[in-house]
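Below is one structure; the comments refer to it alone.
Labels below follow one simple rule: chain letters A, B, ... track the order of the sequence lines, proteins then strands, and each chain is numbered from 1.
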Amino acid sequence: LAVPLRGAAIEYRAREVVVATGGYDANLWFKGGDTPGVMTAEGALSFGGSDAAAPFRKGLIFGTGPQASRLLARYGAAFDALAAPGAIAPELVAQASALGVNLYPRSLLYECHGNPSVRTVRLAPRGGGPLLPLSVDAVVLAHRRLPNVQLLFQSGARMQFDRPSGAYYPAVDAVGQTSIRGLSAVGSCALPAHPEGTLPGGAPEDSPGPLEGYYRELFAKPRPKGKFVVCTCEDVLLTEVEDAHKRGYRGIEVIKRHTGLGTGLCQGRYCVPEALTFLSILERRTPAEVGYLTQRPPVVPVSLGALAALPAAMAEGEAT
Amino acid sequence: VTGLPRTEYRVAIVGAGIVGLFTALHVVQAGGGPVLIVDRGYLSSGASGRNGGGVRQQWETPETVRLARESVQAYRRFSKELGYNIWFRQGGYLFLATTEREAAQIDQVQKTVHAEGLPARVLTVEQVPEIVPQIETAGIRLATYLPSDGTLYPFPAIWALYEELGRRGVDIALGVEALGIRSDAGRVTALRTSAGEVKTTAVVNAAGGWSAEFAQRCELPIPNRPTRHEILATEPLKPFLTPMVVRLSDGLYFSQTMRGELVGGLTLHHPDAPPSSMPSSPEFLRAMARALLSLMPQLARLNVLRAWSGFYDDTPDGFPLIGADPRVEGFVQANGFGGHGFMLAPASSRRIAQAVLGEPVDLEPALFGPARFLGATPGGRTAERLQLG
C-alpha cells in the first residue's frame, strides 16, 4: 500500500490490509447536470465551517438518501423543495414540512436550466403527467451513495455488481474477507446499504433494480433541447454515447475509448456507474455484462514529485 | 453450424488490431474478399489500444525507414480518406543521446534517415532548447530531430477502419478466439475458432502479443516473445510540447496529446508475464516520474491520472515478421512489430495483403520474411535495435 503524503510517498507493508474507504454521493444523469449550482450532498455540506451559511437560498434536494436529512438539518430553510424518485419516508416528510420545504415524491429529475447558474428545474411525475417547473438556485443530489472500491478493483479482488445501487462491490464473506488472502473490506465500501427511503427497492438482486427503472422512464421521455452532458470532466454528451452504440460499439471499455467518458480527472467515479446502467438498457443486457473499467493506478491523481519519491524498496517488489 | 456469419471465407485474419484491420482493408480493396477477422478481446483491447501514438521515421535500417515513411504519408491522408479525425500531428521526434555510444548511434541513424531523403538534423546540446525550451540539457551530448515524425490518437484510427470494413462487408467477430488451423497436403483449409470452424485458404496471424501462442496452436512455432511495457497519462496542460521526446539511455518517450495530457513510458525489464495479465507497477510509476523530472523538473506538481500496460511482440532481430510462412501454404505471418505496429501498419499491411493474395511482396524477404527464423543457422544478419518504451 503506497500513500502519498505532503508531496512525498510512504510505503506500508502488512500481512493484513483492511479497506474501509467508505463511500461517496452518486451523480445522476439529467439534462443540465453540468450547470453550475448542481452538486452532490457532500459537496454542499463541505462549504465553509459547520455553521457557515448555505451557498444557495432556494435549493432543491433530489433524493431521500441518508444525506437528505443531514442537508435539511444543516441548511434548513435554504431549501425550497425536496424531490425524490420514489416515496418520501414519514420522518423526512415531518422534518421538511417543519421547515416549509415543498415535497415532490415520485419524480424524475428531467432537466435543469440557468446561466450562469441554476435558475429552474423541471420535474417529470413518475408514470406520466405534465412537467413541473420549479424556480430554484441549486440542485443537491442525495439519492444514493456509491462505494470507494478503486483499491479493491486494483488488488484484483473479485467484484460483483449490485443492481439496486448501480455499483460494483467486493465479494466478501461474513467477516469481510475478499477473494484475496489478507485483504478485507469493511463498512460501506463492502456492503450495499439500501436504507429505507432511497430509490424504492425491495427487488431481488438479480432483477433490474429501481435505478434501471428510473433511467428507463427518463429516457423514454422526449429528450429536452440542448446539450446533455454525461461526463463533466471531459464534456462527453449523451448523444455521443448513443452514437457510439449506433455505430456498433458495445461494452463499457469500448464506449469509454470511443467517447472519452470516464477518462478525466475523476477517472469515471461519477459517470461510469450511471453509464453502466444506461448501457445495460441500450444493449439489452445486465450492467455486469456491459463490463467494468479496469481501475488504473494511482487511485487518486498523484503528482510526479510524489511518485518519484516512492521508496525504491517498493519498486523492487510486486504491486501490493 | 458456427456462430459466424458465413461458413466459408477467402481470407481469415486473426487479430482485430491495427495490422489486422489495415490488412483486411487492403485485401478487400484488391477484391480479395470475403474476409473474416476474429479477435478474442474487445476492439482496441490489445496493443493497438494501449500505445503512445508515436509515428516515427528515424530508424537504424533503410528498409524500416521506408516502411515508416510510407506509413506517415498514409496517416497524413487517413482522416480525409476514412472520415475520422485521428489527430495526426507532425510535431517531430527529438532523440536525446547522453553517452558517447548513443551519440554515435543516433548520428548514424541521422545519416541513414537523411540518405532516404528525410531531413533529419543533428542538434548540439545548445540547439535542443530551440525545439523544447523546457528541457534540462545537463547530461545531453547530442540530439537528432525530424520534424515530419508525428503523433496520432490511436483509437479513432481503429474506429475508422472498423466502420469502413463493416461498410465493405468484412465480418469482424469480437470475443471469438482462434484455436488453430486445419490443413491438407500442406495447404490451409480452415480456421478453427471458439465460435466454430470456417473454411478458408488463407489465414493471417496478426495477433500481436498473442502471435506466438496462436502460431504454436497451429504447430507453426515462431520465435516471437511478448514483453509487457507500461505507460502513463497525466492531467492536461496547456499545449507546450511540440515533438515526441525520446531518450536512448532509458528508453524514455513522452509527448503531449491534442487534449493536453502528457503520455509516455520508458523501458523496464519485466519478467515474462502471461499475456492475459496487464497490471501496472509502482516500480514503473517511480521510474517514469524520476525520468520525466530529470528532463523537466518543473513538472513535479503535475498529477498522474492513470497508468496501464500492454504487450510488445518482440522478434529476436527487431524486424517484424511479415510474409507467407513456407511451412504451410496459405498461412501468412503479420506480427512481431515490437511496439511499432501502429507506426508501421499502413505500409506493412499493404505488403501483408500482397502475401495473402499471392502477389510478389514489395519487401526484403531476408529481413522480414518468416524463412529467416527457419534456417539451420540463424544470426549474423542486420538487426533493428531502435526500440523505446
Engaged part of A/Glu234 at the chain B interface, taking heavy atoms whose separation is under 4.5 Å: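 Just the side chain, heavy atoms under 4.5 Å.
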Can you tell which part of B/Leu292 gets under 4.5 Å to a heavy atom of chain A, answering side chain, backbone, both or neither? side chain
Would you mind checking which part of B/Leu285 comes under 4.5 Å of any heavy atom in chain A, side chain (CB onward), backbone (N, CA, C, O), both or neither? both
Most chain A-contacting option - heavy-atom pairs closer than 4.5 Å, from B/Leu43, B/Thr234, B/Leu293: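 It is B/Leu293.
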With chain A, which of B/Pro156, B/Pro154, B/Gly49, B/Ala300 has the greatest number of heavy-atom pairs at distances under 4.5 Å? B/Ala300
Which residue pairs pass the side-chain hydrogen bond (donor to acceptor under 3.5 Å, both in side chains) test with at least one member in residues 289-300 of chain B, sequence neighbours excluded?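 Sorted pair list: B/Arg247-B/Ser294.
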Gap separating the CZ atom of B/Phe342 from the OH atom of B/Tyr75, nearest 0.5 angstrom: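 Output value for this atom pair is 4.5 Å.
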Can you give me the closest heavy-atom contact between B/Thr98 and B/Ser249, atom names plus distance? OG1-CB, 3.4 Å
Minimum-distance pair of heavy atoms, taken over all atoms of A/Thr263 and A/Gly260: OG1-O, 2.6 Å
Pair A/Phe153 + A/Tyr168: ring centers closer than 6.0 Å: yes
